[in-house]
Amino acid sequence: IAGSLGYAGGIAGENGAGLVERCANSGFVTSGYEAGGIVGYNHNYYDDPDPAIIRHCYNIGSVSGYTVGGIVGFAVQQVGSSVEIDSCWAACELNGTNSVGGLIGHASGLTIRCCSYDKTVFTGNPVGKKTSCNILDSGFKSTEEFASGAAAYLLNGESSGGFWRQTIGTDAYPGFSGDKVYYGYISCADNAKKVYTNDATATEVKPAHNWSNNDGICANGCGYECTHDSYTNGICDNCGYECAHTWDEDGYCRKCKTF
């Protein structure tokens, strides 16, 4: 897509007080002026109540021009309405002779919310040049972090219930279809950490060990074995394991310290 003297975008050269939603671009975009992976120039009109919004879009196509952004080349909010870039991501090479940003080349007055870009592919800032912008709940991620599901979770507002989907281990990036991404504990192992996963059983708090087999080994499969540090009447206070007594000559079990 080429626009030698005008705005160029993978989906639209210009979006004036409109909605661009659920769009994707993988083609090369170039312009001698403003170029964006999705929209070249995104803006509202002075004293017009209609907003200009780009939502749930992504770009993986290279972009080059004067003012260049992975999502939008130039975005400006004027008095009377709003301009928003919401839940969008980019993973692309960017080349510009003026201002270049992983998300927007030049931004003025607008709000960027829950957006991300691949910092491994483009190492610059999210916005090349900005004036009075609100950047909320957004941030760059590495290619590895994109593959892990971290970016999808961010794009969804740090929740599993948003628009973006990704089958971790199969999809390198979020998309319009696939599995929900969760963030939490999926193991009760002592060294367990929160992970991004497609497992809906992931929990905010690390789960407790499961001693239902009454053998002192966690039934959740984490491999933990109870140390049986204290007993009451021959029953382990931690896991409920019943001591297999080993009595000494005085009738005292040294395992559970019981007569």
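Since this is a predicted model, take the numbers as computed values, not measurements. Residues: numbered from 1 along the sequence shown.
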Considering residues at least two apart in sequence or located in another chain, which fulfil the side-chain hydrogen bond (donor to acceptor under 3.5 Å, both in side chains) criterion with Asp237? Ser230, Thr232
Once ring-ring contact (aromatic ring centres under 6.0 Å, His included) is applied, do any residues pair with Phe140, and if so which ones, sequence neighbours excluded? none
Nearest 0.5 Å, what's the SG-CG distance between Cys115 and Leu103? 5.5 Å
Just so I know, are the side chains of Asn238 and Asp229 near enough to count as touching, which here means a heavy-atom distance under 4.5 Å? no
Cluster check Tyr117, Val29: I/L/V/M/F/W/Y, side chain < 4.5 angstrom: yes
Tyr66 and Thr97: which non-hydrogen atoms are nearest, and at how many Å? CD1-OG1, 3.2 Å
Distance-only donor-acceptor pairs under 3.5 Å for side chains of residues 71-88, two or more places apart:
residue: Gln77; atom: OE1; partner: Val83; partner atom: N; Å: 2.8
residue: Gln77; atom: NE2; partner: Gly109; partner atom: O; Å: 3.4
residue: Ser81; atom: OG; partner: Pro49; partner atom: O; Å: 3.0
residue: Ser81; atom: OG; partner: Asp50; partner atom: O; Å: 3.0
residue: Glu84; atom: OE1; partner: Arg113; partner atom: NH1; Å: 3.4
residue: Ser87; atom: OG; partner: Leu155; partner atom: O; Å: 3.0
residue: Ser87; atom: OG; partner: Trp164; partner atom: NE1; Å: 2.8

Linking I/L/V/M/F/W/Y whenever their side-chain heavy atoms sit closer than 4.5 Å, directly or via other members, would Val68 and Ile38 fall into one cluster? yes
Evaluate the criterion side-chain contact (heavy atoms from CB on, under 4.5 Å) for residue pair Thr143 and Val121; output intermediate values, then yes/no. CA-CA 8 Å; Thr143 300; Val121 180; 4.3 Å; yes
With sequence neighbours excluded, what pairs up with Glu145 under the salt bridge (Lys or Arg N to Asp or Glu O under 4.0 Å) test? none
Do Val100 and Ile135 belong to the same hydrophobic cluster, where Ile, Leu, Val, Met, Phe, Trp and Tyr are linked whenever their side-chain heavy atoms lie under 4.5 Å apart, directly or via other members? yes
Compare every heavy atom of Tyr58 with every heavy atom of Ile60, then report the nearest pair and how far apart it is. CG2-CD1, 4.2 Å
Here the salt bridge (Lys or Arg N to Asp or Glu O under 4.0 Å) pairs for residues 88-112, sequence neighbours left out, are none
List the steps and the verdict of side-chain hydrogen bond (donor to acceptor under 3.5 Å, both in side chains) for Thr120 and Ser142. CA-CA 5 Å; Thr120 305; Ser142 66; 4.7 Å; no
Greater than 12 external heavy atoms within 6.0 Å of Glu158's CD: yes
Under 4.5 Å side-chain heavy-atom separation, chaining through any Ile, Leu, Val, Met, Phe, Trp or Tyr, what else clusters with Leu19? Say none if it is isolated. Ile53
Main chain of Gly6, side chain of Ser31: is a donor-acceptor contact present, judged purely on distance under 3.5 Å? yes
Side chain proximity check, Pro126 to Ser138, heavy atoms < 4.5 angstrom: no
Got a sec, which residues hit side-chain hydrogen bond (donor to acceptor under 3.5 Å, both in side chains) with Ser108, two or more places apart in sequence or on another chain? none
If you compare all heavy atoms of Ala189 against all heavy atoms of Lys206, which two are closest, and at what distance to 0.1 Å? O-NZ, 3.4 Å
In Å and rounded to the nearest 0.5 Å, what is the CD1 to SG distance from Ile217 to Cys226? 10.5 Å
Taking the side chain as everything from C-beta on, heavy atoms only, tell me whether Cys133 gets closer than 4.5 Å to Val127. no
Side chains of Tyr231 and Cys243: closer than 4.5 Å at any heavy-atom pair? yes
Could you measure the distance from the SG atom of Cys114 to the CG atom of Leu136? Nearest 0.5 Å is fine. 8.0 Å
Of all pairs that satisfy salt bridge (Lys or Arg N to Asp or Glu O under 4.0 Å), the ones with a partner from residues 31-44, not counting sequence neighbours: none
Restricting to non-hydrogen atoms, name the atom on Gly216 and the atom on Tyr241 that form the minimum distance, rounded to 0.1 Å. N-CD1, 4.2 Å
What about Leu110 and Trp89, same hydrophobic cluster or not, with Ile/Leu/Val/Met/Phe/Trp/Tyr joined at side-chain heavy-atom distances under 4.5 Å? no
Under a 3.5 Å distance rule, please check whether Tyr33 uses its side chain to pair with a backbone N or O of Gly40 as donor and acceptor. no
Check residues 171-185 and write down every donor-acceptor pair under 3.5 Å in which the side-chain atom is one partner and the other belongs to a residue at least two apart or another chain.
residue: Asp171; atom: OD2; partner: Thr167; partner atom: N; Å: 2.8
residue: Tyr173; atom: OH; partner: Asp118; partner atom: OD2; Å: 2.6
residue: Asp179; atom: OD2; partner: Thr167; partner atom: OG1; Å: 3.0

Name all pairs fulfilling the side-chain hydrogen bond (donor to acceptor under 3.5 Å, both in side chains) condition that reach into residues 122-137, sequence neighbours left out, sorted by first residue then second. none
Nearest 0.5 angstrom please: Glu242 CD to Cys236 SG, how far? 12.0 Å
Parallel, tilted or perpendicular: which fits the ring planes of His209 and Tyr224, with parallel below 30° and perpendicular above 60°? parallel
Quick one: closest heavy-atom pair of Phe146 and Ser116, and the distance? CZ-OG, 3.8 Å
Identify the heavy atoms of Cys222 and Cys188 that sit nearest to each other, and give their distance. SG-SG, 3.7 Å
Restricting to pairs with a member in residues 193-202, which pass side-chain hydrogen bond (donor to acceptor under 3.5 Å, both in side chains), not counting sequence neighbours? Lys194-Glu204, Asp199-Thr201
Name all pairs fulfilling the side-chain hydrogen bond (donor to acceptor under 3.5 Å, both in side chains) condition that reach into residues 5-28, sequence neighbours left out, sorted by first residue then second. Glu14-His43, Asn15-Asn42, Glu21-Arg55, Asn25-Asn59
